[in-house]
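I have placed the structure first, in the form of structure tokens, so that the comments after it can refer back to it.
Side-chain atoms are counted along with the backbone in the values below, which use heavy atoms only and exclude waters and symmetry mates. As the structure lists them, so they are numbered: ligands from 1, and atoms in each ligand from 1.
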Amino acid sequence: MTDLTNLTLTEALDGLSQKKFSAVELTKAYIAKMEANRKLNAYVLETPEKALEIAQTADKNYQNGTNRALEGIPLGIKDLFCTKGIRTTACSRIIDNFVPPYESTVTQKLLDAGASFLGKLNLDEFAMGGSNETSHFGAVINPWSKQTPLVAGGSSGGSAAAVAAKMCAAATGTDTGGSIRQPAAFCGITGIKPTYGRCSRYGIVAFASSLDQAGPMGKNVRDCAKLLTVMSGFDKKDSTSANRAVPDFEKVLGLGVKGLKIGIPAEYRPDGLNQEISKAWDNAAQILKENGAEIVPISLPHTKYALPVYYIIAPAEASSNLARYDGVRYGERVEGEHLNDLYVNTRTAGFGKEVKRRIMIGTYVLSAGYYDAYYLKAQKVRRLIKQDFEESFKKCDLILTPTSPVEAFPIGDKTMQENPINMYLNDVFTVSVNLAGLPALSLPAGLSANELPLGMQLIGRAFDEETIFKAAQTLEENIGFKGI
Ligand code: GLN
């Protein structure tokens, strides 16, 4: 039999319904890949027995004709989603043996649709990072690496690597400032951060609550559309979840881009922009044009403030969210003489360097005397960034930009390690989307001279993921990117 892990999620579902193979066979094929690729460090916990158990039920459901939307599809789950009875760590030492007594809404929806979970995927500690190097379990190796091990991107590096190396049919990710899109770009896969509120945040370990969103990472646009349809929906357990109807995102695929206006923001092409990325961007715009879209120049003048604003707001919210890991309510306790020592010892031992840095920045910008100068100002500029998008969407239906200004870089890269700001700069094209709460998708747009994937980003109006999917499908068909 051909290798079943080469099938897209959609093809696998077709094969299962036509009884060409069983869910158990499909699951075993993915388990074999998961085991063969352990060196990539994509999974931090493997749960093959549970996946096989679900596969057996799935096969029965196919026999009885009671199969559901994702019946028997083996997925990988970012270890930021609480999974009932299965260890969930956020890749932090502080909760490295936390077994949630409940299931996140998104993973519950996937289970209810018949999917199984092969295991939990690596990420930057508490999703803080852009290279998956801050994980307590160590860095993920990008499957595109040759001699030098390269980063898979972050924070959803485990998810991106696992999908690219076919260690699962698709994966979940979360995106606070680019964590679905950037690793998707680095690993040559597709991922979408939906509109804020589209997917419930209930049961997802919080990083920055006004920015965090869950989303799918898959082999192609259709797989992501299929998954997002299942993952989305109002949830009364999340007060910021949007009470809006969820369309069948797959329905729009194939409708094309005729008549759509695609905005190209001038501010996203700084002088020193990498030539290859710039070329891939022009090429993507050309494809959309040839397929009947109109290219319009737009301006997002507050782009230059997006990084500083993000790196004030995200740490501020993180410092508050992470206060619960004190060794009393949550977290591996390290005793101390007094209560204060207990807190300090617990948090000193439990958190990694980057998380500590963010807590320090966050508490600083929220503290009396600095609150007005930093946090309040950042909130004001956040509104201006959002308004830039609103103005632009009067002139265009979608915005096309590169996903990242760089391709995957070596693990331990000196420039990135020496100064955290160099790492933060990589988020320049992604963070404003989260600040504005908009949906955005990244898809592979070609290979660099080093034969590494380059990603393109499509940004849409709030709750208009459908237009994004339409255009992404057109790009995908015409680019013809081949995965590993
Ligand atoms: N790289 C960004 C950061 O370090 C984004 C992370 C994310 O989206 N979770 O904060």
Any chance you could lay out the ring-ring contact (aromatic ring centres under 6.0 Å, His included) test for Y102 and Y202, step after step, and finish with the verdict? CA-CA 10 Å; Y102 56 91; Y202 176 77; 5.8 Å; yes
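Residue S155 has at least one heavy-atom neighbour below 4.0 Å for each of these atoms of ligand 1: 9 (N). Atoms of ligand 1 found under 4.0 Å from any heavy atom of F207 (numbered from 1 in listed order, with element): 9 (N), 10 (O). Close approach of ligand 1 to A127 is summarised as follows: ligand atoms under 4.0 Å from at least one heavy atom of the residue are 6 (C), 7 (C), 9 (N). Applying the 4.0 Å criterion to heavy atoms of G177 picks out, from ligand 1, the atoms 5 (C), 7 (C), 8 (O). The ligand atoms of ligand 1 that sit less than 4.0 angstrom from a heavy atom of D175 are 8 (O).
A salt bridge between K377 and D372 is absent, with no side-chain N of the basic residue lying under 4.0 Å from a carboxylate O of the acidic one. Using a cut-off of 4.0 Å between Lys/Arg side-chain N and Asp/Glu carboxylate O, K120 and D79 are scored as salt-bridged. Contact check on E465 versus R198 returns a salt bridge, with a Lys/Arg side-chain nitrogen under 4.0 Å from an Asp/Glu carboxylate oxygen.
The N/O atoms of M128, backbone and side chain alike, include none that comes under 3.5 Å of an N/O atom in ligand 1. For a threshold of 3.5 Å applied to N or O pairs, the pair formed by D427 and ligand 1 contains at least one separation below that value.
Counting heavy atoms closer than 4.0 Å to ligand 1, residue Y424 contributes nothing at all.
Counting heavy-atom neighbours within 6.0 Å of K146 NZ, excluding the residue itself, gives a total above 12. In the displayed structure, Y374 atom OH is contacted under 6.0 Å by at most 12 heavy atoms of other residues, nucleotides or ligands. Within 6.0 Å of NZ on K356 lie more than 12 heavy atoms contributed by other residues, nucleotides or ligands.
Contact annotation: Y311 has at least one heavy atom less than 4.0 Å from an atom of ligand 1.
Proximity of the aromatic rings of Y325 and F126 is defined here by a centroid distance below 6.0 angstrom, and this criterion is met.
Scanning all protein heavy atoms for the shortest distance to atom 6 (C) of ligand 1 gives S179 OG, 2.9 Å. Ranking the protein heavy atoms by distance from atom 4 (O) of ligand 1 puts R358 NH2, 2.8 Å first. Taking atom 5 (C) of ligand 1 as the reference point, the nearest protein heavy-atom neighbour is Y310 OH, 3.3 Å.
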